[in-house]
Amino acid sequence: MAASDAALACQHREVLPELVDVVGPHHVLTAPDEVAPYCTDFSGRYRGATVAVVQPGTVDEVAGVVRLCRREGVAVVPQGGNTGLVGGGVPVDGEVVVSLRRLDGAEGVRPEAGHWTGGAGVALGAVHEAAAAAGWAYGVDFASRDAATVGGTIATNAGGLRVLRYGDTRAQVIGVEAVLGDGSVVSHLGGLVKDNTGYHLPSLLCGSEGTLGIVTAATLRLVPPPERRITSLLAFDSVDRAVQAAYDLRRDVRTLEAAELFLASGLDLVCRVCGLPSPFATPHAAYLVVEAAEDVRAVGAADAVSVAGAAERAGLWRYREGHTRAVNTLGAPHKFDVTLPPPALAEFMHAVAPVVEAAAPVPVRTWMWGHAADGNVHVNVTGLAPEEERVDEAVLRLVAALGGSISAEHGIGRAKRAWLGLNRSDAEVAAFRAIKRALDPDGILNPNVLLP
Ligand code: MLT
Ligand code: ZN
């Protein structure tokens, strides 16, 4: 629930002059219209309010803000491009927002080493551009690339469209700089591929959702760019055939980079909202957007189209990447980003809509798309009030019953913390808490996410 404006008026006001001392008067935003864009997450489901958005411009300023907030007992929410989808980066409980977007300087690509170093506030799309200009590529990519920041992708361990080939963000981060909860700075940005000198802080900070440290800079592993990219849209007459094809392609297509799934209902909505023509003369039950250096043919496909030009490829990707925006036009969706073990993905996709309907107190619609070859499907339910949680519980319990994970890539945030126990034992959660206490002794870093 959002902290009320009246409560916020007195909450934390005393730190404002000192925050100004740390970051300067232009970088402490307090006017309601200035802070509003930082207070609602990208899904629209999680809304909050804050007394201030602080915009540090250096790692020392981030450390100064953390030390001050620790001394005054003020909770902070770190925020990058605010493209999160689980309420993990917005001040739902009246926290002070620490926006990292001004940390957008970059040392850039070291071509001989094959890595990129830069600030947490650099947009993911800018990393792609810098890598391409130096003859390299970056392995993590997704639709909100121009708004999402490096720091946000690390805090959430972002996945996206090419995990099947390059792995998630955790697999790319070979150096990190961060401010811990006591205001100390840890920095290890050298980027050596082999470096067994103790605990691997990049792994720990990846996916920690801003609860252990505020990432301020990173060194990211780059990959050789593919020789060429051919994008295919494959149509299937059943979900089962499309899911099976996605798994088979992983084994059969050596250069496969992506195998992304969507369904007839989602395609129809995307075409209407984005003004796109239908890709085939007749509709089909399910589709895969597939990308590889070769022209991919899949067993069981009822229709297919392949393109190689950049504009044509972007045209096919629009059918897949338009889903988030198209569903958002129906009102704030309840979003679930779940992974199922391979044999259970199609079974889950058949089972979930009836489970949603049985739990929903009002008429709803269920939408699905995702990263089929990773076993990761995005389930979006529209028509529910933001605070309604019966459907959330039913979907997440179904996932756990089928051996899946309740978060494949968006994180736990506020959306799923009540159900962390479906996937994590008491002993694991106790270990998480011990790590949190060690790195954030007074619990000021994003204290209202992840841990139940
Ligand atoms: C996607 O794969 O489309 C993203 O994770 C965003 C979303 O789930 O809406
Ligand atoms: Zn996704």
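Values below: every heavy atom of this structure, side chains too, minus hydrogens, waters and symmetry copies. In what follows, residues are counted from 1 in the order of the sequence shown. First listed ligand is number 1; within each ligand, the first listed atom is number 1.
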Strictly by modelled atom types, are Asp195 and His188 linked by a side-chain donor-acceptor pair under 3.5 Å?
yes
Can you tell me how far the CZ atom of Arg325 sits from the CG atom of Leu269, to the nearest 0.5 Å?
10.0 Å
Answer side chain, backbone, both or neither: which part of Phe142 comes under 4.0 Å from ligand 1, heavy atoms only.
neither
Less than 4.5 Å apart, any side-chain heavy atom of Val97 and any of Val54?
no
Which atoms of ligand 1 have any heavy atom of Thr324 under 4.0 Å away?
3 (O), 6 (C), 7 (C), 9 (O)
Answer side chain, backbone, both or neither: which part of His371 comes under 4.0 Å from ligand 1, heavy atoms only.
side chain
Below 4.0 Å, non-hydrogen atoms only: which portion of Glu409 touches ligand 1? Side chain, backbone, both or neither.
side chain
Output the distance between atom OG1 (Thr153) and atom CZ (Arg145), rounded to the nearest 0.5 Å.
13.0 Å
Is His410 near ligand 1, meaning one of its heavy atoms is under 4.0 Å from it?
yes
With rounding to the nearest 0.5 angstrom, report the CG to CD1 distance, Leu220 to Ile154.
5.5 Å
Kindly compute the distance separating CD (Glu95) from OG1 (Thr50), expressed to the nearest 0.5 Å.
7.5 Å
Decide whether Glu291 and Trp317 meet the rule of one side-chain donor and one side-chain acceptor closer than 3.5 Å.
yes
Using non-hydrogen atoms of the residue, decide whether Lys335 is closer than 4.0 angstrom to ligand 1.
yes
Name of whichever N/O/S atom of Glu409 is nearest to the Zn ion (ligand 2):
OE2
Heavy-atom contacts under 4.0 Å between Arg320 and ligand 1: side chain, backbone, both, or neither?
side chain
Does Leu85 come within less than 4.0 Å of ligand 1, judged by its heavy atoms?
yes
The Zn ion (ligand 2) to His378: any N/O/S contact under 2.8 Å?
yes
